[in-house]
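Okay, so here's the structure we're looking at.
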Amino acid sequence: MSSRLSFRDFSLAIALLGICAFFAVKVPDWNFLSARNLSLLMIDFAITATLATGMLLVILPGHIDLSAGSGVGLIGGIAAVLITNHHWSAPAALLVALLVALLLWFGIGNLVVRQRIPAFIITLGGLLVFKGFFWLVINNHTVPIVTGGQRNLYSLLTTYYLPPLAGYVLAAVVIAGLVIARLRSRQARRSCGLEVEDGEVTFLKLFLAAQVIGIFVLVTNQFRGVPLPVVILGFVALTVYILTQHTPFGRSLYAIGGNEEAAIISGIPVERVTIGAFTIMGAIVALTGFMQTAYGGSSTTTVGDLMELDAVAACVIGGVSLRGGRGSVLGVLCGALIMACLLNGMSLLAVEPEKKFIARGAVLILAVWMDVRLNRRQA
């Protein structure tokens with residue numbers, strides 16, 4: 001089992017390096033590696049990865065959410081309309097839109113577990129219903145998130161960058177947190193009589209992680225600083241990581257996805273946990289909708305298109321099993337980064353839209369094929 005996971009991690013690193021190397025060479029003047037492009041790439045990555053971490057919570061117990069992309073557009077559109085057409089303050093509009101998302105996905109979770117309707121069908125219907133309501137809400141028009149070139153909390157979600165010093169401080173805090181968490185994990189395993197990895201391996205992992213974080217901050221500071229969406233993604237990813245790895249709720253998600261009948265017999269509140277996963281997904285959809293809409297500066301009929309597929313692809317590429325019971329936040333982040341690099345590189349090369357669709361579809365098919373092959377080997 002461990003060898004397979006290591007192979008998957010190794011293959012992800014090879015794929016990511018290969019994609020980056022290809023576009024670095026093919027894009028003229030090395031623009032793919034420029035500070036500006038890498039900063040914008042991180043914003044795209046943060047938005048996709050945020051939605052993908054929510055998708056992880058839904059897939060772990062064996063479900064899926066095909067309505068996420070339409071939800072991104074709908075929730076972002078509700079906030080934009082409240083601000084522009086009804087002159088609400090940005091915080092109030094964002095809060096109301098968030099509450100709407102929580103109620104919608106709480107309802108989806110209830111339909112899935114209490115009415116025994118497959119999540120695929122419910123969310124497929126939600127995809128169409130939310131898309132229709134989205135177009136009704138914005139009246140098929142472009143609705144800006146702020147008027148007159150001003151700024152508000154909504155627009156700052158993707159236009160604010162941390163000052164250079166704040167970026168370095170944040171990097172130091174993150175690195176210190178990783179070191180403390182790793183040391184505590186080793187101590188806890190020792191206290192339980194479990195094996196721990198070699199100290200040199202632990203040091204190497206922490207050293208590489210610190211280098212990546214430091215280089216990231218150094219490069220983004222050469223443009224405008226660390227983008228706020230990356231900070232938001234870090235908060236969401238940390239929250240989902242803690243939920244899945246260090247709480248009974250997370251262990252229940254894995255148990256349900258591994259064997260739902262056994263989970264019921266073991267006394268796990270399957271219905272409550274599943275509804276909770278969908279409700280949290282609603283909050284993450286809302287946050288993604290705010291960032292995606294803010295990134296474009298306005299709510300249009302195309303916001304959120306195919307984002308649910310990008311999120312699913314990021315999950316599967318990152319090692320999440322569509323059957324449930326397997327997956328990690330780190331893997332999802334790696335999968336989302338691969339997708340973001342692929343789309344960004346194709347945009348820089350001015351690849352035709354139809355070829356982008358083909359590439360995204362091919363990546364999704366390849367990822368699912370790899371997941372099926374790994375499941376067969378494990379069986």
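Below, each value reflects all heavy atoms present in this structure, side chains not excepted, and no hydrogens, waters or symmetry copies.
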- prompt: Is it true that a side-chain atom of Ser321 and a backbone atom of Arg323 form a donor plus acceptor pair closer than 3.5 Å?
  reply: yes
task: Go through the steps for Leu208 and Leu204 under the test side chain to side chain contact (heavy atoms under 4.5 Å, CB included), then give the verdict.
output: CA-CA 6 Å; Leu208 290 175; Leu204 180 60; 4.2 Å; yes
Thr48 vs Leu343 side-chain heavy atoms within contact, under 4.5 Å: no
- prompt: Mind checking whether Thr50 and Ile284 have side chains closer than 4.5 Å, heavy atoms only?
  reply: yes
field: Side chain Asp44, main chain Leu41, donor-acceptor under 3.5 Å
entry: no
- request: Spell out, yes or no, whether Leu57 and Leu330 are grouped together once hydrophobic residues are joined by side-chain heavy atoms under 4.5 Å, including indirect joins.
  value: no
field: Steps toward side chain to side chain donor-acceptor pair (under 3.5 Å) verdict (Thr202, Arg182)
entry: CA-CA 8 Å; Thr202 299; Arg182 177 64 66 175; 5.3 Å; no
- request: Spell out, yes or no, whether Ile78 and Val129 are grouped together once hydrophobic residues are joined by side-chain heavy atoms under 4.5 Å, including indirect joins.
  value: yes
message: According to a hydrophobic-cluster definition based on side-chain heavy atoms being under 4.5 Å apart (Ile, Leu, Val, Met, Phe, Trp, Tyr only), do Leu253 and Leu238 belong together?
response: yes
Over 12 non-hydrogen atoms of neighbours within 6.0 angstrom of CD in Glu261: no
- request: Looking only at non-hydrogen atoms, find the nearest pair between Phe290 and Gly76 and report the distance.
  value: CD2-CA, 4.4 Å
Minimum side-chain heavy-atom gap Phe23-Leu348 below 4.5 Å: no
- request: Decide yes or no for Leu309 and Arg360: does some side-chain heavy atom of the first lie under 4.5 Å from some side-chain heavy atom of the second?
  value: no
query: Should the heavy atoms of other residues, nucleotides or ligands under 6.0 Å from CD of Glu200 be counted, would the total exceed 12?
result: no
Value rounded to 0.5 Å, distance of CD1 in Ile43 from OH in Tyr295: 5.0 Å
message: Can you classify the ring geometry of His246 versus Tyr241 as parallel (below 30°), tilted (30 to 60°) or perpendicular (above 60°)?
response: perpendicular
Any donor-acceptor N/O pair, Ser39 side chain to Arg36 backbone, under 3.5 Å: no
query: Taking Thr220 for the side chain and Val217 for the main chain, is one N or O donor matched with an acceptor at less than 3.5 Å?
result: yes
- prompt: Do the side chains of Ile365 and Leu66 join up, straight or via other hydrophobic residues, at under 4.5 Å, putting them in one cluster?
  reply: no
- line: Closest non-hydrogen contact found for Gly126 with Ser67 is C-CB, 3.7 Å
field: Thr84 (side chain) donor-acceptor with Ala80 (main chain) under 3.5 angstrom
entry: yes
field: Residue Phe216 excluded, over 12 heavy atoms near CZ under 6.0 Å
entry: yes
